Amino acid sequence: MYNPFILSFKQGISVIEESSDRVIVQSPQVDLNIPEYTINIEPVSPGFLAALKLLATEGATEENLSELVLQTDSFSELPNLYYYLEKFINLGFVCHTVLAEELPMATLVPLGKYDKFQIKEATTDKKYVLSRFAYCRKNKEKLVLESPLSHSQLILVDLQSAALIAELSQPRDCREIYNKIPSLSEDTIKNLFSLLLSDEMLLAVEEDGTIAEETNETLVQWEFHDLLFHSRTRTGRHSNPVGRTYPFLGKIERLPAIKPKVSNDIINLYKPDIEKLKESDYPFSLILEDRKSIKQFNDANPITDKQIGEFLYRTARVKKVMEKGPEEISNRPYPNGGANYELELYLAVNICENIPDGFYHYCPQDHQLCKISDRTKNVDQLLEEIWITNRQHHTPQVLIIMAARFARINWQYESIAYAAILKNVGILLQTMYLVATAMNLGSCAIAQGNADLFALTAKTDYYAETSVGEFILGTK
Ligand SMILES: Cc1cc2nc3c(=O)[nH]c(=O)nc-3n(C[C@H](O)[C@H](O)[C@H](O)COP(=O)(O)O)c2cc1C
């Protein structure tokens with residue numbers, strides 16, 4: 001069997017000697033979603049115990065481990081070693097290290113469980129190229145190679161491994177790499193190729209020049225950033241903490257549930273009588289069935305301040321602010337993951353009866369519009385860009401921009417924070433569609449918006465609060 005790598009337990013895996021013939025191998029608990037995993041080995045032979053200890057310290061090749069078991073125990077213990085080694089590897093407990101001149105050159109560290117990890121042996125007569133999904137980044141003072149296709153991370157321990165990865169942006173065989181980096185032996189290069197090949201970071205180039213990743217019709221349609229976002233915001237392909245873990249509790253002040261008013265230039269908005277609306281509204285099924293996207297508006301008879309007031313009150317006002325554990329949360333008409341209500345509403349007003357055109361922030365607690373600016377060039381550009389997205393139609397009467405105060409979510413969630421924001425945008429969009437239908441207004445969600453231009457116009461810090469969704473509103 002081909003396995004020239006140094007095998008070692010990854011950081012956090014512990015070997016606990018419970019008694020002279022019982023040992024426990026245990027992974028740490030990452031969070032509530034990823035509990036510890038325990039393997040009970042009983043009886044454990046002295047040779048196998050020594051092999052486990054070696055895996056937990058400096059590591060050894062499969063060959064060295066079998067020799068150790070053979071020397072200390074009998075031949076009959078070997079299947080046990082191989083059984084558990086395979087189990088540990090598939091559970092994502094084991095790192096594979098490639099050595100160059102006896103020193104570690106690169107280490108493949110599992111990020112989660114594998115379906116079935118198998119070393120794919122590279123050959124010297126073939127060319128290989130890096131997957132377009134593979135990328136390098138700095139992680140805890142180390143340079144790592146990762147890919148959303150992979151269940152592992154390759155730590156590039158020395159300069160030569162980083163140089164080799166750079167070379168693999170183009171198809172290369174072992175000899176070509178050796179000619180460029182002669183300090184590495186062809187065997188070492190081949191071993192590193194095999195490791196990269198085994199976890200989908202490297203691809204074989206076929207004789208006719210084709211690469212599997214590029215002929216696969218499913219994969220070819222994925223953009224790099226989308227697949228990375230998908231793989232890191234869902235569980236399964238990584239073992240990062242997930243969900244409400246409060247990574248910044250006690251380190252950074254939480255943001256208040258309600259954003260402080262952005263100006264003293266205030267318009268008090270009309271409040272509808274919700275109890276009366278419950279009596280007089282169209283039936284729910286009629287609203288649901290009649291809802292449709294409307295992109296042409298009746299500018300001769302534009303939306304009014306009263307309609308804006310009713311629309312915002314019915315979709316986005318604050319009903320209540322509460323303390324819950326370390327959080328300050330609120331209650332509004334639409335649901336929101338974690339009740340953080342990170343979405344702020346901004347209005348770029350083009351034409352509205354009794355509200356001057358310009359740019360406003362909606363204060364959902366006091367149900368007011370706070371003016372940020374008149375109709376500046378930036379406001380015009382925000383409206384114009386929506387018109388461009390919507391080219392066959394015309395400039396909306398009112399553009400509602402949803403901006404996220406990111407820290408409202410980032411402060412308490414890990415792995416899923418941005419995905420949660422986008423889900424919340426979807427929920428608010430549908431609530432707005434339904435309320436607009438109930439009010440006989442025309443409305444439409446918009447697929448894209450300029451977050452840089454928004455931050456400039458709203459005078460926010462792009463990284464703290466910027467646009468994540470858009471909705472247009474007007475009279476039919
Ligand atoms: C998230 C989202 C983004 C949308 N973006 C746009 C857009 O940028 N331009 C547009 O004309 N329509 C946009 N729409 C409207 C869809 O085209 C519309 O919902 C779809 O054609 C179904 O039609 P209906 O809403 O009338 O049922 C969007 C809808 C959603 C839900």
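In this text, all values refer to a predicted model and were calculated from it rather than measured experimentally.
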(request) Look at the side chain of Arg375 and the backbone N and O of Asn350, then say whether any donor-acceptor pair between them is shorter than 3.5 Å. (result) yes

(message) For Lys116, give me all partners under salt bridge (Lys or Arg N to Asp or Glu O under 4.0 Å), at least two apart in sequence or on another chain.
(response) Glu86

(request) Tell me, yes or no, whether the heavy-atom count around Lys180 atom NZ, taken from other residues, nucleotides or ligands under 6.0 Å, exceeds 12. (result) no

Enumerate donor-acceptor pairs with a distance under 3.5 Å from any side-chain N or O in residues 154-167 to protein atoms, sequence neighbours excluded.
unit_1	atom_1	unit_2	atom_2	d
Asp158	OD1	Gln160	N	3.2
Asp158	OD1	Ser161	N	3.1
Asp158	OD2	Gln160	NE2	2.8
Gln160	OE1	Ser183	OG	2.5
Ser161	OG	Met105	O	3.3
Ser161	OG	Asp158	O	2.6
Glu167	OE1	Arg172	NE	2.8
Glu167	OE1	Arg172	NH2	3.0

(request) Evaluate the side-chain proximity of Asn440 to Thr475: yes if any heavy-atom separation is below 4.5 Å, no if none is. (result) no

(message) Can you tell me how far apart CZ (Phe359) and CG (Leu382) are? Round to the nearest 0.5 Å.
(response) 5.5 Å

(request) Check whether any side-chain heavy atom of Cys352 sits under 4.5 Å from a side-chain heavy atom of Ile303, and report yes or no. (result) yes

(request) Could you list the residues that satisfy ring pair (Phe, Tyr, Trp, His ring centres under 6.0 Å) with His361, not counting sequence neighbours? (result) Tyr346

(request) Go through Ile409 and Asn424 one step at a time and tell me if the side chain to side chain contact (heavy atoms under 4.5 Å, CB included) criterion holds. (result) CA-CA 11 Å; Ile409 286 229; Asn424 292 334; 4.2 Å; yes

(message) So Leu312 and Leu347, do their side chains get closer than 4.5 Å, heavy atoms only?
(response) yes

(message) Please enumerate all residues that pass salt bridge (Lys or Arg N to Asp or Glu O under 4.0 Å) together with Asp290, with sequence neighbours excluded.
(response) none

(request) Give the intermediate values and the outcome of salt bridge (Lys or Arg N to Asp or Glu O under 4.0 Å) for residues Glu176 and Lys127. (result) CA-CA 9 Å; Glu176 285 171 310; Lys127 281 189 192 281; 2.9 Å; yes

(message) Return the CG to CG distance between Leu149 and Asp199, rounded to the nearest 0.5 Å.
(response) 9.0 Å

(request) Could I get the full list of ring pair (Phe, Tyr, Trp, His ring centres under 6.0 Å) partners for Phe9, not counting sequence neighbours? (result) Phe88

(request) Of all the heavy-atom pairs spanning Gln368 and Leu269, show the shortest one and how long it is. (result) C-CD1, 4.1 Å

(message) Going by the rule ring pair (Phe, Tyr, Trp, His ring centres under 6.0 Å), which residues pair with Tyr413 if we only count those two or more places apart in sequence or in a different chain?
(response) none

(message) Going by ring-ring contact (aromatic ring centres under 6.0 Å, His included), name the pairs with one or both residues in residues 319-342, residues two or more places apart or in two chains.
(response) Tyr334-Tyr341

(message) Please find the pair of heavy atoms, one from Pro28 and one from Gly12, that lie closest to each other, and give the distance.
(response) CD-O, 3.3 Å

(message) Would you say that Asp366 contacts Val318 through its side chain, given a criterion of any heavy-atom pair below 4.5 Å between the two side chains?
(response) no

(request) Look up atom CD1 in Ile416 and atom CZ in Arg244, then write down how far apart they are to the nearest 0.5 Å. (result) 9.0 Å

(request) Find the distance between OG1 (Thr437) and CD1 (Ile294) and round it off to the nearest 0.5 Å. (result) 7.5 Å

(request) Step through the shown structure and confirm whether more than 12 heavy atoms of other residues, nucleotides or ligands are within 6.0 Å of CG on Asp273. (result) yes

(request) Any chance you could measure Ile400, atom CD1, to Ile472, atom CD1, to the nearest 0.5 Å? (result) 10.5 Å

(request) Please tell me if the side chains of Gln307 and Glu353 come closer than 4.5 Å, counting only heavy atoms from C-beta onward. (result) no

(message) With ring-ring contact (aromatic ring centres under 6.0 Å, His included) as the rule and sequence neighbours excluded, what pairs involving residues 245-286 come up?
(response) Tyr246-Trp411

(message) Among residues at least two apart in sequence or on other chains, which ones pass salt bridge (Lys or Arg N to Asp or Glu O under 4.0 Å) with Glu146?
(response) Arg137, Arg232

(message) Could you check whether atom NZ of Lys476 has more than 12 heavy atoms from other residues, nucleotides or ligands sitting under 6.0 Å from it?
(response) yes

(request) Show your working on ring-ring contact (aromatic ring centres under 6.0 Å, His included) between His151 and Phe117 and close with a plain yes or no. (result) CA-CA 9 Å; His151 290 73; Phe117 184 80; 9.6 Å; no

(request) Go through the structure and list residues passing ring pair (Phe, Tyr, Trp, His ring centres under 6.0 Å) with Phe133, not counting sequence neighbours. (result) none

(request) Using a 4.5 Å cut-off on heavy atoms from C-beta on, say whether the side chain of Glu342 contacts that of Val468. (result) no

Side-chain atoms of residues 451-461: list all donor-acceptor pairs with protein atoms under 3.5 Å, sequence neighbours left out, distances to 0.1 Å.
unit_1	atom_1	unit_2	atom_2	d
Thr457	OG1	Leu453	O	2.6
Thr460	OG1	Glu465	O	2.7
Asp461	OD1	Tyr463	N	3.0

(request) Starting at CG of Leu345, measure out to CD1 of Ile401 and round the result to the nearest 0.5 Å. (result) 10.5 Å

(request) Indicate yes or no: at least one non-hydrogen side-chain atom of Leu428 is less than 4.5 angstrom from one of Phe471. (result) no

(request) Applying salt bridge (Lys or Arg N to Asp or Glu O under 4.0 Å), name anything that partners Arg405, two or more places apart in sequence or on another chain. (result) Glu344

(request) Check for a donor-acceptor pair, side chain of Tyr433 on one end and backbone N or O of Ala445 on the other, with a separation under 3.5 Å. (result) yes

